[in-house]
Amino acid sequence: MIELFKQPNLDWMGKAKYFYALSGILLLAGWASILFGSGIRYGIDFKGGTNVDVRFAQPPNVDKLRDGLKAQGLGSTEIQSISDIANPNSNEVVIFVEGKGRTMRLSRPAGKKC
């Protein structure tokens, strides 16, 4: 069996106050970045919408894509080019289209019980 440390004799509890301080600093930094920075950026999982992977024959012009989507009434989209280490000339983009907030309302006719 391989032993990396022959006799690990570390006083972890003696260093507990340093670890608590480090944890507190990291928590404060995280909260400060949420409150004073750009806030929490929710992904498509929580915002709702559609995620489309598109592959083109030629490298796409992202500005033309954005203008075309805006002309179709899809102005609030995010377009990201995908680059792959194995294939640096991949002509793929990911398009995130945010949901329009459609909600289902269940209603029943007046006077009827469910």
Side-chain angles (χ1 to χ4, degrees):
M1 180 179 226
I2 298 174
E3 288 186 38
L4 296 176
F5 302 105
K6 297 291 180 192
Q7 296 271 332
N9 216 3
L10 300 172
D11 182 23
W12 292 109
M13 292 310 296
K15 295 173 179 50
K17 59 185 169 194
Y18 299 114
F19 292 120
Y20 284 130
L22 177 65
S23 296
I25 290 169
L26 291 175
L27 280 170
L28 287 174
W31 280 107
S33 73
I34 290 171
L35 294 175
F36 302 115
S38 61
I40 297 175
R41 293 190 55 189
Y42 291 111
I44 195 124
D45 312 352
F46 298 105
K47 282 194 283 190
T50 305
N51 181 10
V52 182
D53 295 348
V54 184
R55 182 175 294 154
F56 294 93
Q58 308 294 347
N61 185 347
V62 176
D63 293 328
K64 282 178 98 173
L65 279 174
R66 192 167 283 122
D67 292 340
L69 290 170
K70 196 176 289 186
Q72 295 295 321
L74 301 171
S76 61
T77 59
E78 293 179 32
I79 301 173
Q80 293 179 346
S81 295
I82 297 175
S83 60
D84 189 6
I85 294 173
N87 185 11
N89 296 328
S90 71
N91 301 324
E92 265 185 270
V93 294
V94 178
I95 302 172
F96 301 102
V97 181
E98 203 171 305
K100 294 288 182 187
R102 288 183 272 160
T103 58
M104 288 181 51
R105 289 181 51 192
L106 298 176
S107 60
R108 61 175 184 228
K112 291 197 174 187
K113 293 185 179 181
C114 292

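One-based numbering along the sequence shown.
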Asks: Which residue pairs satisfy the side-chain hydrogen bond (donor to acceptor under 3.5 Å, both in side chains) criterion with at least one member in residues 10-20, sequence neighbours excluded?
Replies: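 Every pair satisfying side-chain hydrogen bond (donor to acceptor under 3.5 Å, both in side chains) with a residue in residues 10-20: there are none.
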Asks: Do the side chains of Ile79 and Leu69 get nearer than 4.5 Å, heavy atoms only?
Replies: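 When only atoms from C-beta onward are counted, Ile79 and Leu69 do touch, with a gap below 4.5 Å.
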Asks: Name all residues meeting the side chain to side chain contact (heavy atoms under 4.5 Å, CB included) criterion together with Pro59; count only those two or more places apart in sequence or in a different chain, and write none if there are none.
Replies: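 By the side chain to side chain contact (heavy atoms under 4.5 Å, CB included) rule, Pro59 matches Asn91.
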Asks: With sequence neighbours excluded, give me every side-chain hydrogen bond (donor to acceptor under 3.5 Å, both in side chains) pair touching residues 52-61.
Replies: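 Sorted result for residues 52-61: Arg55-Glu92.
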Asks: Which other residues belong to the hydrophobic cluster containing Leu26, where Ile, Leu, Val, Met, Phe, Trp and Tyr are joined when side-chain heavy atoms lie under 4.5 Å apart, directly or via other members?
Replies: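 Joined to Leu26, directly or through intermediates: Leu22.
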Asks: Taking side chain to side chain contact (heavy atoms under 4.5 Å, CB included) as the test, write out the residues that go with Ser33, two or more places apart.
Replies: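 Here no residue qualifies.
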